[in-house]
Amino acid sequence: MSPTERRKGDRVTFERGIPAHMMGIDGTWRRNCVMEDVSETGAKLTVEGSVEGLNLKEFFLLLSSTGLAYRRCELSWVNGDQIGVNFLKQGDRKKKLSRRASAEV
C-alpha cells in the first residue's frame with residue numbers, strides 16, 4: 001500500500017504547490033519546502049535539500065513569511081524528497097506523555 005493510499009481525510013491538492021518552510025522546534029534548522037496537498041490532519045511536502053540528520057519528530061510548518069501562520073507537525077513517512085506530516089493539536093503532546101507515563105506504571 002502506498003503512502004497516498006494510507007492517508008486519511010479529504011485532501012486538497014495544489015496544482016503548483018504552496019511555498020512554505022519547515023523549522024525545528026528550537027529554531028536551529030530551517031528548510032524550504034512546497035506543500036503539495038493538505039487535509040485537516042496532515043500534508044504532503046516536497047523538501048528542498050536533505051532532511052538527513054534533522055530532528056523531524058516534531059517541527060513547525062511555516063505557511064507565511066512572517067511566521068504568523070504555522071502548524072506543529074510530526075513526520076509520518078519519507079519517500080525521496082517528499083515527506084508526509086501529521087499536524088499536532090495543542091493537547092496532543094500532553095496526551096502522548098500521559099499515555100507513556102501510565103504505560104510505565
Side-chain angles (χ1 to χ4, degrees):
M1 185 181 324
S2 76
T4 306
E5 293 168 2
R6 283 196 304 260
R7 296 185 293 159
K8 299 179 186 120
D10 294 332
R11 304 196 76 76
V12 176
T13 302
F14 304 107
E15 190 172 316
R16 293 196 177 113
I18 303 293
H21 302 278
M22 298 165 52
M23 184 176 75
I25 293 291
D26 59 2
T28 58
W29 61 267
R30 187 175 173 129
R31 291 288 182 279
N32 291 334
C33 65
V34 175
M35 186 167 50
E36 304 292 346
D37 69 26
V38 67
S39 74
E40 189 175 326
T41 59
K44 178 170 70 171
L45 309 174
T46 299
V47 183
E48 294 178 24
S50 174
V51 295
E52 191 173 334
L54 299 180
N55 181 5
L56 296 174
K57 177 87 177 140
E58 213 173 300
F59 61 94
F60 291 115
L61 176 61
L62 307 174
L63 301 169
S64 72
S65 58
T66 59
L68 295 176
Y70 65 91
R71 294 298 302 261
R72 198 172 193 131
C73 302
E74 67 180 354
L75 180 68
S76 175
W77 54 265
V78 178
N79 185 4
D81 65 346
Q82 292 192 326
I83 65 172
V85 299
N86 294 321
F87 296 141
L88 298 173
K89 293 187 180 79
Q90 193 77 24
D92 284 355
R93 184 179 167 102
K94 292 175 189 166
K95 287 179 195 170
K96 283 182 183 178
L97 291 174
S98 66
R99 271 191 242 137
R100 269 190 222 141
S102 62
E104 292 172 0
V105 173

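Side chains included, hydrogens not; waters and symmetry mates left out as well; all remaining heavy atoms used.
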* To do: Dump the intermediate steps for side chain to side chain contact (heavy atoms under 4.5 Å, CB included) on W77 and K44, then the final yes or no.
  => CA-CA 9 Å; W77 54 265; K44 178 170 70 171; 3.8 Å; yes
* Can any side-chain N or O of S76 pair as donor or acceptor with the backbone N or O of G84 at less than 3.5 Å? -> no
* Value rounded to 0.5 Å, distance of CZ in R11 from CD in E36 -> 11.5 Å
* Asked: Is there a path of hydrophobic side-chain contacts, each under 4.5 Å between heavy atoms of I, L, V, M, F, W or Y residues, that connects L56 with L63?
  -> yes
* Asked: To the nearest 0.5 Å, how far apart are CZ in R31 and CD1 in I83?
  -> 11.0 Å
* Asked: Same cluster for V34 and F60 if Ile/Leu/Val/Met/Phe/Trp/Tyr side chains link at under 4.5 Å?
  -> no
* In terms of hydrophobic clustering (I, L, V, M, F, W, Y; side-chain heavy atoms under 4.5 Å; direct or indirect links), are M22 and Y70 co-clustered? -> no
* Say whether, by atom type as modelled, one donor and one acceptor occur between the side chain of R72 and the main chain of E58 under 3.5 angstrom. => no
* Measuring from I18:CD1 to L61:CG, what's the distance to the nearest 0.5 Å? -> 11.0 Å
* To do: Please step through side chain to side chain contact (heavy atoms under 4.5 Å, CB included) for the pair R30 and L62, ending with a clear verdict.
  => CA-CA 10 Å; R30 187 175 173 129; L62 307 174; 3.8 Å; yes
* Structure fact -> So CG of L88 and OG1 of T41: to nearest 0.5 Å the spacing works out to 11.0 Å
* Once you round to the nearest 0.5 Å, how far does CG of D81 lie from OG1 of T46? -> 5.5 Å
* Parallel, tilted or perpendicular: which fits the ring planes of F59 and W29, with parallel below 30° and perpendicular above 60°? -> tilted
* OG/S64 to NE2/H21 distance, rounded to the nearest 0.5 angstrom? -> 9.0 Å
* To do: Give a yes or no on whether M35 and V47 share a hydrophobic cluster (residues Ile, Leu, Val, Met, Phe, Trp, Tyr; joining criterion: side-chain heavy atoms under 4.5 Å apart).
  => yes
* To do: Group every Ile, Leu, Val, Met, Phe, Trp and Tyr by side-chain heavy-atom contacts under 4.5 Å, then state whether I25 and F87 land in the same group.
  => no
